J.: 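Please read through the structure below; I'll follow up with questions.
In this text, all values refer to a predicted model and were calculated from it rather than measured experimentally. Ligands are counted one by one from 1 in listed order, and the atoms in each one are counted from 1 as well.
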Amino acid sequence: MLAARAASLLGRRAFSTSAAQNAAKVAVLGAAGGIGQPLSLLLKANPKVTELSLYDVVNTPGVTADLSHINTSSKVSGFTPENDGLRAALDGCDVVVIPAGVPRKPGMTRDDLFKINAGIVRDLAQACAETCPKANILIISNPVNSTVPIASEVFKKAGVYDPKRIFGVTTLDCVRASRFIYEKSGNLVDVPVVGGHAGITIIPLFSQVEGLKLSNEERDALTYRVQFGGDEVVKAKAGTGSATLSMAYAGARFTDSILRATQGEDVLEWAFVRNDLYANEGVNYFSTYVRLGPEGVKEVLPLPDSISDYEKDLVAKALVELQKTEKKGVEFATSA
Ligand code: NAD
Ligand code: LMR
């Protein structure tokens with residue numbers, strides 16, 4: 001009953017508590033923030049999480065005390081930088097989710113966050129590389145198109161890089177595209193979204209949704225709305241932040257997918273990962289359909305040949321941008 005309620009919070013299949021056979025320790029870095037709090041709540045409600053480790057530079061004790069009263073079986077521990085708290089938080093983790101960093105204000109691009117968030121992600125990745133090098137690292141902090149290359153370079157430098165285990169979380173783009181199509185058609189379907197996670201690098205593949213018929217005008221408007229859905233929220237929040245609740249939902253879904261794969265399920269998700277699909281164009285990270293397994297990414301699937309000419313053109317434009325933002329991240333991480 002409890003597990004069913006918890007699973008329904010995630011909108012996914014119910015599992016009995018006894019189905020959580022494998023222990024899974026999940027850390028949230030930035031746990032007291034706008035995303036961190038609701039994400040931690042959803043993870044506390046997920047029966048596959050047996051231990052939840054919360055880290056933030058401020059306010060973690062309160063969030064931890066609050067969540068620890070929820071009557072699911074997972075243990076919750078909270079950490080701040082005092083007493084080497086980051087390393088204590090990461091010790092023995094299977095999954096580390098990173099929403100630490102500053103969000104956008106109206107008028108900013110995600111790349112404008114680089115100045116502050118690049119260093120935050122670099123330092124957190126360094127601690128992960130030293131403390132839990134085999135964990136799956138799920139990066140939410142923007143600009144994802146650069147923070148994933150940064151974390152990857154940190155792991156490389158530390159000699160523990162496994163490209164199968166570092167993910168940029170782009171699930172919110174898929175969630176948005178699915179919702180926007182639902183508003184139009186009344187059908188709740190998965191919509192593939194590939195590329196990256198910023199403006200024109202976000203590419204919804206509406207051609208791949210079975211039975212969906214859109215006029216060119218509808219396709220253009222929906223594509224724009226998915227690409228700039230984040231801006232809609234930033235504008236509506238009027239200077240107080242960006243998407244937090246929908247992101248927590250998306251982050252909880254992606255973490256659940258990783259845990260299901262760890263426990264032996266065959267799981268497919270879209271994610272921004274290292275791959276060779278566009279390496280010839282100087283792009284080494286690209287969000288695509290990935291098959292997940294116990295060791296992280298099991299298979300990277302290329303875009304279907306049947307994508308439309310319109311979508312091929314969007315991919316070409318995205319690659320130019322992705323090449324620049326990847327380079328910026330790599331240069332930052334390798335220059336220190
Ligand atoms: P927020 O400011 O509400 O929370 C961020 C939290 O990070 C704060 O609690 C802060 O104390 C903490 N923090 C800062 N530096 C830290 C450090 N060194 N170690 C640990 N914690 C630290 O911001 P938010 O709304 O939760 O957004 C967080 C990030 O997620 C932003 O960069 C935002 O752009 C990004 N984001 C990404 C997506 C996506 O789809 N990938 C969606 C929404 C937001
Ligand atoms: C989003 O897509 O909502 C996030 O990347 C946050 C933002 O800055 O738009």
Side-chain angles (χ1 to χ4, degrees), residues 27-41 53-64 78-82 85-87 89-90 96-128 138-148 150-151 167-177 179-180 193 195-199 201-202 204 225-237 239-255 270-272 287 325:
V28 179
L29 311 183
I35 296 167
Q37 291 201 37
L39 173 61
S40 300
L41 169 64
S53 185
L54 308 178
Y55 175 81
D56 202 303
V57 288
V58 288
N59 299 336
T60 341
V63 175
T64 307
F79 303 88
T80 50
E82 291 74 39
L86 179 53
R87 272 150 236 276
L90 292 171
V96 181
V97 196
I98 310 185
V102 292
R104 282 197 287 166
K105 289 191 188 325
M108 292 171 81
T109 66
R110 292 180 184 81
D111 189 55
D112 292 332
L113 304 173
F114 187 97
K115 232 185 248 165
I116 298 179
N117 290 352
I120 292 175
V121 171
R122 177 198 56 206
D123 296 349
L124 294 174
Q126 181 68 38
C128 293
L138 280 44
I139 300 175
I140 292 172
S141 315
N142 273 316
V144 166
N145 294 354
S146 299
T147 51
V148 171
I150 289 172
F167 302 86
V169 182
T170 55
T171 320
L172 179 54
D173 302 316
C174 303
V175 166
R176 280 187 180 129
R179 172 67 203 183
F180 300 162
V193 183
H197 179 68
T201 70
I202 300 171
R225 193 162 182 220
V226 174
Q227 292 186 321
F228 295 93
D231 297 63
E232 261 183 45
V233 182
V234 170
K235 196 169 163 219
K237 290 200 174 181
T240 61
S242 56
T244 54
L245 303 173
S246 50
M247 182 59 237
Y249 174 85
R253 165 178 137 179
F254 192 72
T255 309
W270 285 272
F272 187 73
S287 182
T325 43

J.: Could you tell me if the side chain of Thr80 sits less than 4.5 Å from the side chain of Val58, heavy atoms only?
T.: no
J.: Look up atom CG in Asn145 and atom CZ in Phe272, then write down how far apart they are to the nearest 0.5 Å.
T.: 4.5 Å
J.: At what distance, to the nearest 0.5 angstrom, does CG of Leu138 lie from CG of Leu29?
T.: 11.0 Å
J.: Under 4.0 Å, counting heavy atoms only: does Arg176 come that close to any atom of ligand 2?
T.: yes
J.: Does ligand 2 have any atom sitting under 4.0 Å from a heavy atom of Leu172?
T.: yes
J.: Select one of side chain, backbone, both or neither to describe which atoms of Pro99 lie under 4.0 Å from any atom of ligand 1, heavy atoms only.
T.: backbone
J.: Is there a heavy atom in Gly241 that sits closer than 4.0 Å to ligand 1?
T.: no
J.: Return a yes/no value for Asp231: is any of its N or O atoms, backbone included, closer than 3.5 angstrom to an N or O of ligand 2?
T.: no
J.: Does any donor atom in the side chain of Ser287 or Thr170 lie under 3.5 Å from an acceptor atom in the other side chain?
T.: yes
J.: Between atom CD1 of Ile140 and atom CG of Asn117, what is the distance when rounded to the nearest 0.5 Å?
T.: 12.5 Å
J.: Does only the side chain of Arg110 get under 4.0 Å from ligand 1, or the backbone, or both, or neither? Count heavy atoms.
T.: neither
J.: Can you tell which part of Val144 has a heavy atom less than 4.0 Å from ligand 2: side chain, backbone, both or neither?
T.: neither
J.: Consider every N or O of Ser242 and every N or O of ligand 1, then say whether any pair is closer than 3.5 Å.
T.: no
J.: Is there any N or O on Leu124 that sits under 3.5 Å from an N or O of ligand 1?
T.: no
J.: Check whether any N or O atom of Thr244, backbone or side chain, sits under 3.5 Å from an N or O atom of ligand 1, and answer yes or no.
T.: no
J.: Looking only at distances, please establish whether an N/O atom of ligand 2 is found under 3.5 Å from an N/O atom of Arg104.
T.: yes
J.: I'd like to know if His197 contacts ligand 2, where contact means a heavy-atom distance under 4.0 Å to any ligand atom.
T.: yes
J.: Given Val102, Ile98, Leu138, which has its nearest heavy atom closest to atom 32 (O) of ligand 1?
T.: Val102
J.: Give yes if a backbone or side-chain nitrogen or oxygen of Gly101 is under 3.5 Å from a nitrogen or oxygen of ligand 1, and no if not.
T.: yes
J.: Looking only at N/O atoms, are Asn142 and ligand 1 under 3.5 Å apart anywhere?
T.: yes
